[in-house]
Protein chains: 2
Amino acid sequence: MRLRGRVVAALGFLFVGAGVVIGQSWRSAEEKGVMASDAAWLKAYGTRDVAQALAFCDDAASMMAPYAPIATGKDAIGKLIAAEFAVPDMKLSWHADKAGVARSGELGYTSGTYEVSFSEAPGKPGMDRGKYLTVWKKQADGAWKVLFDIYNSDLPPPSGG
Amino acid sequence: MRLRGRVVAALGFLFVGAGVVIGQSWRSAEEKGVMASDAAWLKAYGTRDVAQALAFCDDAASMMAPYAPIATGKDAIGKLIAAEFAVPDMKLSWHADKAGVARSGELGYTSGTYEVSFSEAPGKPGMDRGKYLTVWKKQADGAWKVLFDIYNSDLPPPSGG
């Protein structure tokens, strides 16, 4: 089961906030904005293009993947993303259940759940599901970018014991 | 190693934001406020009194511990805290490296690292270390309370593989 654990660990930081919440009129325009940025980030991950995924991160962003130290800054985060995109047969989905934006409009969050499947080895499928929290910072040009992203699994730890 | 995994899982949500940053003049008064609340939360955990620890949570708070589903609301969070306080010989420390507050002053975050030791079984010490992200919401009375708290380990997953 160690392999599964390592694959899950390597996948880790992919499971990050997003979700489309179109038409939920109870959300403020700002909340809809941060949710839309989350959904756009998921689409960027789907391209498997590191630069596109990295473009959603603030220059000071920290990605906090399980089983790894904090990765801060675009160089460190880019290496994480590249490693993740190399995982075979990965299919990832996520959905933000909650979002909020400060009254001043420059700081927000999204939180929700993720699910992922992948290949641990040829013919050996793996999966994981869990939850995440993302803090977003609005840039000078009005775009939301990720300041912190962290998640963990709902499932028991991989264990041979 | 399963036991260690379960103990770590049970401990999980304790590893939550705090840190004293007294005298860092580069921090705004609001940032110092949210850091002080984090430090006060750590002290509340130290009492092993569930009600004191729970008092730092917003009524809508979500605690997102590894290996468990999201716990939302004081009933669910209180059960988590009670389970954690039952772990033998636990010694926990944490430190917030980063903090921020929106210009409007009602939404903030802390983020940093934790370290914990405990007994997996009589005579069998265990430990974990990792990082966390906490989102704080200022209440009508001016007190900061936890809206979201999530963390994960830096260490490889417990595994017998």
Side-chain angles (χ1 to χ4, degrees), chain A residues 1-9 12-13 15 17 30 60-72 97-98 100-113 120 128-138 147-161, chain B residues 1-9 12-13 15 17 30 60-72 97-98 100-113 120 128-138 147-161:
Chain A
M1 293 298 286
R2 181 173 288 276
L3 177 60
R4 173 180 176 270
R6 291 199 173 165
V7 172
V8 171
F13 75 106
F15 314 145
E30 287 293 341
S62 289
M63 304 286 279
M64 302 158 86
Y67 318 131
I70 301 170
T72 296
D97 300 313
K98 296 180 180 177
V101 175
R103 285 192 303 271
S104 46
E106 88 288 18
L107 187 70
Y109 63 82
T110 50
S111 182
T113 57
E120 294 182 8
D128 186 37
R129 63 172 182 270
K131 60 276 186 196
Y132 69 86
L133 176 62
T134 306
V135 169
W136 297 81
K137 181 181 177 183
K138 190 178 278 185
L147 195 57
F148 293 93
D149 188 77
I150 183 169
Y151 72 93
N152 61 45
S153 178
D154 287 357
L155 305 181
S159 172
Chain B
M1 293 299 284
R2 180 171 290 276
L3 177 61
R4 174 181 176 269
R6 292 200 172 164
V7 172
V8 171
F13 75 105
F15 314 144
E30 287 293 342
S62 289
M63 304 287 278
M64 301 157 88
Y67 317 130
I70 301 170
T72 296
D97 300 313
K98 297 180 180 177
V101 175
R103 286 192 302 272
S104 46
E106 89 286 20
L107 187 71
Y109 62 82
T110 51
S111 182
T113 56
E120 295 182 7
D128 186 36
R129 62 173 183 270
K131 60 279 186 196
Y132 69 85
L133 176 63
T134 306
V135 169
W136 297 82
K137 181 181 177 182
K138 190 178 277 184
L147 195 57
F148 293 92
D149 188 77
I150 183 170
Y151 72 93
N152 61 46
S153 178
D154 286 357
L155 305 181
S159 172

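Every chain is numbered from 1 and lettered A, B, ... according to where its sequence line falls, protein lines coming before strand lines.
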Checklist entry - Distance from A:Y109 atom OH to B:L107 atom CG, nearest 0.5 Å? => result 6.5 Å

Item to check | Separation of B:L133 CG from A:Y132 OH (nearest 0.5 Å) | outcome: 13.0 Å

Item to check | Shortest non-hydrogen contact from B:P156 toward A:Y67 | outcome: C-CD2, 4.0 Å

Item to check | Any donor-acceptor N/O pair, B:N152 side chain to A:M64 backbone, under 3.5 Å | outcome: yes

Item to check | Under 4.5 Å from any heavy atom of chain A - which part of B:K98 | outcome: side chain

